[in-house]
Amino acid sequence: MPGTHFAPRLPEDELAALATGAVDDLARRLARRALRPLTVPGTTDAGTEARGQALAYLHMLNLLQQAVEDLENRAAEQAAAAGAGYPQIGRACNISRQGARRRWPGLVTGDTPHRAPRRTDRTRSQ
């Protein structure tokens, strides 16, 4: 990847498979550790238990996705502070320079990096 200042050791599809496996494992472990599937007292329905486990896993994946977005924002800020421009940040995220500029407006202005505004396109229902 010219201009990105890093070279993958593995093909992109293998990196993606490794990341997916690691996130899957982490989400399952965190869901078992931190969330308790709700059950109806007095029932031993396997379907209810499986549904509760699946929903706990889904909830943990959602929390991890939010954490990744926050970490990605911080990493983009750090890259800009280290002198990276929108073309390099975009390539690192597999998006165009314009896509990076839309995602992090004001992050890079000329040679002066600025703190990126936090993305607010996600809404959560409680």
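Computed from a predicted model, the values in this text were never measured in an experiment. Below, each value reflects all heavy atoms present in this structure, side chains not excepted, and no hydrogens, waters or symmetry copies.
Here Arg103 contributes atom CZ and Ser96 contributes atom OG; the two are 11.5 Å apart, rounded to the nearest 0.5 Å. Taking OG1 of Thr20 as the start and CG of Asp25 as the end, the distance is 12.5 Å to the nearest 0.5 Å. Atom CG of Leu71 and atom CD of Gln78 lie 9.5 Å apart (nearest 0.5 Å). To the nearest 0.5 angstrom, Leu30 atom CG is 8.5 Å from Leu35 atom CG. Of the inter-residue distances, the one linking Glu77 atom CD with Ile89 atom CD1 reads 10.0 Å to the nearest 0.5 angstrom. In this structure, Met60 CE and Arg29 CZ are separated by 11.0 Å, a value rounded to the nearest 0.5 Å.
Using a 4.5 Å heavy-atom cutoff, the side chains of Asn94 and Glu12 are in contact.
With 3.5 Å as the limit, one finds a donor-acceptor pair spanning the side chains of Gln66 and Asn62.
The closest donor-acceptor contact from the side chain of Tyr86 to the backbone of Leu107 lies under 3.5 Å. Formation of a donor-acceptor pair under 3.5 Å by the Glu14 side chain with backbone atoms of Pro11 is not found in this model. Distance alone, capped at 3.5 Å, places no donor-acceptor pair between the Tyr57 side chain and the Ala27 backbone.
Both Leu61 and Leu26 are part of a single hydrophobic cluster, where members link through side-chain heavy atoms under 4.5 Å apart.
When all heavy atoms are compared, the tightest approach of Leu18 to Leu10 is CD1-CD1, 3.5 Å.
No salt bridge links Asp70 with Arg74; every basic N to acidic carboxylate O contact stays at or beyond 4.0 Å.
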